[in-house]
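Reviewing the structure listed below.
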Amino acid sequence: MPVEDSNFTSTETNGTIITMPPAMQYVAVTILVILMILGGIGNLLTVLVITLNRSFRKQMVYVLIGTQSFSDLILILLIIPIKVHTILMLDNPDRSFMMLRLATLVSLVAFASAGMSIMNSWPGGFQGWISVPVTKSHNGWTFTVTFSKPVRDLQIWEAEVVSNEDGGKKYTMKNTQHNAQLNSGSTLEMNFIANCDGDAPSGDAWMNGQGGEATTARPTAATSATRGTVGPTGNPPTRNPNGPKVTLKYDHNEVIRKSILFYEAQRSGKLPANNRIPYRGDSAMGDGSDVGRDLTGGWYDAGDMVKFGFPMAYTTTALAWGILEFEAGYKAAGEYDNALDSIKWPLDYFIKCHSKPGEEFYGQLGNGDIDHAWWGRPEDMNMPRPAYKVTRQKPGSDLTAETASAFAAGYLVFKDTNPTYAATLLTHARQLFDFANNYRGKYVDGIPEAKDFYDSHSGYLDELLWGAAWLYRATGENQYLKFAEDNYDAGTAHEFSWDSKLVGAQLILYQTTGDARYSAPVTSFVDPWLRGGSKLYTPKGLAWHSQWGANRYSANTAFIALVAAQAGLKPEAYSDFALSQVNYMLGDGGRSYVVGFGNNPPLRPHHASSSCPWRPAPCSWNDYNNPAPNPHTLYGALVGGPGQYDDYEDRRNDYVKNEVATDYNAGFQGALAGLKQMSL
């Protein structure tokens, strides 16, 4: 029963006596009235949320309440009734539970549906974004996306298309092999690309079988480093599909197209019917005959005609990585299919080289000394071209682990468009990685003929780590993550190149896990390359690392910087650095360093095939010494580049500054596609 005195009023409720001074009563009543008014506003906004068009309702609610995102609004609408419920429990449990029911209603509205927004569009295509908070744990999931008009050629990286209905207006997606597990409290975020007629459509999306509000706002650089998306396990960083916005000064579509043409000019073996390099024909058709195997195919390494497997495998991995990260850039340039066709050429060759899984792998075709003593067309070669291999007795962990990386990256590139071929690549990746790990050694000890050309200075541990990181990304299997963790090197890499993969492995691990211990050495690697860092800059702006192939090292670092920027690591600074380096190579350095592109490009690259006249005219050292431009334009090839004072001469006999190589273009092409994507 009530008990009163001059200072306190007490109320007995369900056997519990609550006492409150009069002054506090007035405060409580005032707060209660204010909160009830806010609760009424919350009810009104809830009705708006339920009834209005999805895109319009968000704009209306944002204006009314001033929140920055729809999830902020829902949080407010959820908190208000809960707070009122807490206070009303003091004297009116019935009304308090009405407010709690209102909170429940708001939460159901908040998590009942999902959404999709258009991030970018271009003639005939567009890029969309979906973000779904995960409210309960799942082992396998699906969601549906609908469009206001038919779309086609939908490509999505973190999900697989299950069905396409209503003439392309409705798509159902499911998890991939590596992201079936969703943990409550995480966020499933993904982007996609599709084609359509006319303007980009509007659309909607929802998670099937569970609640989830898709926040359609494009992620910002500030949130990219902290908000998680689903990866093999853990909480990887959100991949901003485009990264920070950049403005292109040069025609990246043209340079990407011509870079791919360069790789076609390097093809060995029987050329396809659609060969686009008119001065090239079938060559080295006897490769492997000395060991009774067909080892035709692959790429010639540089200006010569040796097929060095170690840099070829790195080049393939790096190109595949660029295709995976910057698919939108390749597609916007109209070169996605050509890019896939380009990397399939060496992958097919590597399958031939992996002739006896678990026992041997052929890592080189041709002898460097013999080859370099001859100048001419690959179609005219008649010198011995021995095949060299690594075995259990003479292992090559660096070579085989790098090729396993190429296979794993290739699997990820082809798994949606050519799943049968992709499965073959993944099988070879697993087998070669096991071979590399079980039989350890440097490949130049097994193939000493490679030592004077591509010695593995960094050893093989970086390739084993790199291979494990790629296989973990491809499969999501913990055995590969455990291997990477057990063999992890937290040091700062010296460079990213055909020889050193450490920073690449660290970045892949950060992409797939979101663990800061993997991101720290990535930023420690890139930061010295920025203006004001410890890296030497030429007067005109090239971050200069080494005399031999200076452009190559800057381009590779630019590529790493762009992938890191997309993962939320210093996006603005890293994208600015990459743009400055690519611009230098395309013309800001006073000339173009890309054959067949831009102002004053190289005309005499150190490259035998393009230096020869049309057949049947002979080709010899006389053509090497000819001061005239090469008779054929080696479109897209990036030459070695200048000295530390921007010094460069376009001379065929300068193989330090004016040679070309497949690995020179690998990071360069990826950086071109990355910047193209960031410009969309």
Side-chain angles (χ1 to χ4, degrees), residues 127 154-160 176-179 189-193 229-232 236-243 256 259-260 313-333 335-344 346-347 402 404-419 421-422 425-426 429 466-467 469-476 480 496 501 503-513 522 556 558-568 578 665-678 680:
Q127 184 175 28
L154 190 148
Q155 300 289 326
I156 193 163
W157 299 273
E158 299 296 337
E160 296 180 5
T176 64
Q177 182 181 19
H178 73 266
N179 64 7
E189 296 180 317
M190 59 188 68
N191 68 95
F192 63 90
I193 292 176
T229 187
V230 175
T238 293
R239 290 174 57 207
N240 187 335
N242 281 2
I256 292 170
S259 179
I260 293 173
Y314 154 78
T315 299
T316 307
T317 309
L319 287 171
W321 194 7
I323 293 169
L324 289 169
E325 300 298 331
F326 304 123
E327 181 173 344
Y330 276 106
K331 287 190 170 180
E335 293 297 326
Y336 182 71
D337 290 340
N338 286 331
L340 265 59
D341 186 54
S342 178
I343 65 168
K344 190 174 184 296
L347 288 170
E402 178 58 70
S405 299
F407 279 134
Y411 160 77
L412 290 168
V413 169
F414 287 102
K415 67 183 181 67
D416 294 326
T417 59
N418 194 343
Y421 180 66
L425 298 178
L426 186 58
W466 173 242
W470 272 110
L471 275 162
Y472 178 58
R473 179 169 176 173
T475 68
Y480 297 115
F496 180 62
K501 323 298 163 43
V503 69
Q506 292 163 339
L507 184 49
I508 291 286
L509 289 170
Y510 178 62
Q511 286 182 303
T512 52
T513 68
V522 174
N556 290 351
F559 173 67
I560 289 291
L562 290 173
V563 177
Q566 186 173 248
N665 271 65
F668 176 65
Q669 185 175 303
L672 288 166
L675 291 168
K676 175 65 181 180
Q677 182 164 302
M678 291 180 181
L680 298 178

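The residues of the chain are indexed from 1 along the displayed sequence. A quick note: this is a predicted structure, and the numbers were derived from the prediction, not measured.
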Got a second to check how far [X]'s [atom1] is from [Y]'s [atom2], nearest 0.5 Å?
X	Y	atom1	atom2	result
Ser259	Glu335	OG	CD	10.0 Å
Leu507	Tyr510	CG	OH	9.5 Å
Gln677	Lys331	CD	NZ	11.0 Å
Arg473	Gln511	CZ	CD	5.0 Å
Leu340	Leu319	CG	CG	11.0 Å
Tyr314	Asn556	OH	CG	3.5 Å

* Asked: Are the side chain of Thr317 and the backbone of Ala313 linked by a donor-acceptor contact shorter than 3.5 Å?
  -> yes

Kindly indicate whether the side chain of [X], heavy atoms from C-beta on, has any atom under 4.5 Å from the side chain of [Y].
X	Y	answer
Tyr330	Asn338	no
Leu412	Trp470	yes
Trp466	Ile508	yes
Lys676	Phe326	no
Phe559	Leu562	no
Leu471	Leu426	yes

Looking at every heavy atom in both [X] and [Y], which two are closest together, and how far apart are they?
X	Y	value
Gly467	Ser405	CA-OG, 3.1 Å
Ala578	Leu675	O-CD1, 4.1 Å
Ala409	Leu324	O-CD1, 4.1 Å
Thr316	Ile343	CG2-O, 4.2 Å
Gly410	Ala320	N-CB, 4.4 Å

* Structure fact -> Applying salt bridge (Lys or Arg N to Asp or Glu O under 4.0 Å) to Asp341 and not counting sequence neighbours gives Arg267

* Give the intermediate values and the outcome of side chain to side chain contact (heavy atoms under 4.5 Å, CB included) for residues Ile560 and Trp321. => CA-CA 10 Å; Ile560 289 291; Trp321 194 7; 3.9 Å; yes

